[in-house]
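The sequence lines fix the lettering, A, B, ..., with proteins before strands; numbering per chain opens at 1.
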Amino acid sequence: MMEPTLPYNRKDSKSIEAYAQRLLNKSLRVVLGSQIKQTYSGKGKLGQILEDLYFQYKPNSESEADFQEAGVELKTSPLKKTTKGFTSKERLVFNIINYEEEHTKTFKTSSFWRKNKLLLLMFFLYQQGIEDLDYIFKIIHLWEFPPTDLKIIEDDWQKIISKIKAGKAHEISEGDTLYLGACTKGANNKSLRKQPFSTEMAMQRAFSLKSKYLNYIIGKSLPSERIVKDTKEYKKGESLEDIVKKRFIPYYGLSEDEIIAKLKLPKSKAKSRFYLIAKAILGVKKEKIEEFEKADLALKTIRLEHSGALKESMSFAQIQYKEILNESWDDSYWFNTLTKRFLFVAFQKDENGEPRLKNIMFWTMPVKDLEVAHAYWLDTKRKIAKNDFSHFIKISDDRICHVRPKGINSKDLMETATGAMEKKMCYWLNSSYIKEIIK
DNA sequence: GCATGATCATGC
DNA sequence: GCATGATCATGC
């Protein structure tokens, strides 16, 4: 029998994504119009209408992904708008955990991983009182778990499985895990299931991605903008780095005020304003630089004194006290950060103390320094594991990196693996090291 | 509210 | 002058 002609290639994940993206900033009612014959109501209907009317496929076996040939699982999830922008309204729920079955699997053969390797995420803006059909889709894209995150998800899965194996399925809690949770599922707490290694009935639970991790995905999906808008801008033999260098040339020697006047930027008092200026010079207004994201480039600014002295060390993200314990070096935040290629943009104070754009340079950390950073990371991780938060490597230890506070103030705390609260700290590169680099 | 990209402030 | 701890404005 002839297959019906679909408006997309269901064997090709990119084609499915492209077709899905036609819904961006639209609602199903607007796109489907008169094709909607019946009325839909209740939970989970949005996904069903999408499948039936928009993607025009019949659901296949439950243990396989929705678009089986392409290995793509379709997931819709609500967003809410806060002062922080879009954040996830609730966790993203996957399949119910079959306690009798799941423990016989490995992560790679697990029900979760078989179905959810590649997700087509369709986030819509939730609004109270309106029909599912009228929700506006705000973020639509294919999501593949980065290796760093997958490691944590796999550990989470193992943690859930080990409780089942210990006959403690009834003691599973969402607090056990970091990204992948086992959330309760059922009308009430009388939704109980049997478990294999205990006679005690356990709450029915499903795999889910926690809200916090979803917010990370949403953040990753924030609008980015290309530096090079038209491929014609690439002249023969020119690289992205060449273009970047060229973009900065007209601004060398100019002061902060002169640059913001030239670029018509608002005056800012933020400590990060030189970073924003550098981004504006590259012609990017949105949050992320597409080429930098794709090529794993990091933009960092450096401020020099008039004498050429460098006062400040370079700060990075906060140390996630729980996550770091689950990281291995290869998938750690610090390794992933330091193995990026850096674009340093240096400003130097003139004789009046006014910062002027001095120059830029691309840089990659040498392997031997990366080894020092590895030792630092191991030391930090070991101390966190021992609950020692007061003897981290200091700048005076002169080992390329150090640990130092980073919070809104000294009362800004983060929960540790043991449930204690500790002052937020972050990863730093020593000023002396930066100074060596730019010399 | 909170992480980010940072710089400021203090004490020795 | 440097090490260390504290804090800022911003965007989302």
Query raised in the report: Is there a donor on the side chain of A:Glu312 or the base of B:dC8 sitting less than 3.5 Å from an acceptor on the other?
Result: yes
Query raised in the report: A:Lys311 side chain N/O closer than 4.0 Å to the phosphate oxygens (OP1, OP2) of B:dT7?
Result: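 So the side chain of A:Lys311 is outside the cut-off, no N or O lying under 4.0 Å from OP1 or OP2 of B:dT7.
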Query raised in the report: Is there a side-chain polar atom (N or O) of A:Ser431 under 4.0 Å from OP1 or OP2 of C:dC2?
Result: no
Could you tell me how the ring of [X] sits relative to the ring of [Y]: parallel (under 30°), tilted (30 to 60°) or perpendicular (over 60°)?
| X | Y | result |
| --- | --- | --- |
| A:Trp329 | A:Trp377 | tilted |
| A:Phe342 | A:Phe344 | parallel |
| A:Trp334 | A:Tyr427 | parallel |
| A:Phe107 | A:Phe112 | tilted |

**Report entry** Worked verdict on A:Asp149 versus A:Tyr213 for side-chain hydrogen bond (donor to acceptor under 3.5 Å, both in side chains)
**Finding:** CA-CA 10 Å; A:Asp149 301 351; A:Tyr213 187 73; 2.6 Å; yes
Query raised in the report: Hey, does A:Ala317 reach any base, or is it just sugar-phosphate, or nothing, if we go heavy atoms under 4.0 Å?
Result: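 It contacts sugar-phosphate atoms only.
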Report task. Quick one: label A:Ser315 by what it contacts on the DNA or RNA (base, sugar-phosphate, nothing), any heavy atom closer than 4.0 Å. Result ->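 Counting heavy atoms under 4.0 Å across all strands, the contact made by A:Ser315 includes a base.
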Query raised in the report: Can you check the A:Asn215 CG to B:dG1 C1' distance for me, whole Å?
Result: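 From A:Asn215 CG to B:dG1 C1': 11 Å.
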Query raised in the report: Can you find a side-chain donor-acceptor pair between A:Gln204 and A:Thr184 that sits under 3.5 Å?
Result: no
**Report entry** Closest to the A:Lys406 side chain, choosing from C:dG5, B:dA3, B:dA6
**Finding:** B:dA6
Requested in this report: Taking only the side-chain heavy atoms of A:Ile408 (C-beta and beyond), determine which of C:dC12, C:dC8, C:dA6 contains the nearest atom.
Outcome: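 Of all the options, the side chain of A:Ile408 is nearest to C:dC8.
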Tell me which residues in [range] put a heavy atom below 4.0 Å from DNA chain B, sorted by number, or none.
| range | answer |
| --- | --- |
| residues 262-274 of chain A | A:Lys271, A:Ser272 |
| residues 411-429 of chain A | A:Lys424, A:Trp428 |
| residues 296-306 of chain A | A:Lys300, A:Thr301, A:Arg303 |

Would one find more than 12 heavy atoms of other residues, nucleotides or ligands at under 6.0 Å from atom [atom1] of [X]?
| X | atom1 | value |
| --- | --- | --- |
| A:Lys439 | NZ | no |
| A:Lys168 | NZ | no |
| A:Lys212 | NZ | no |

Query raised in the report: A:Glu241 pairs by salt bridge (Lys or Arg N to Asp or Glu O under 4.0 Å) with which of A:Arg341, A:Lys246, A:Arg247?
Result: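 The option that passes is A:Arg341.
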Query - Pairwise side-chain contact, A:Ile153 with A:Leu178, heavy-atom cut-off 4.5 Å (strictly under) - result: no
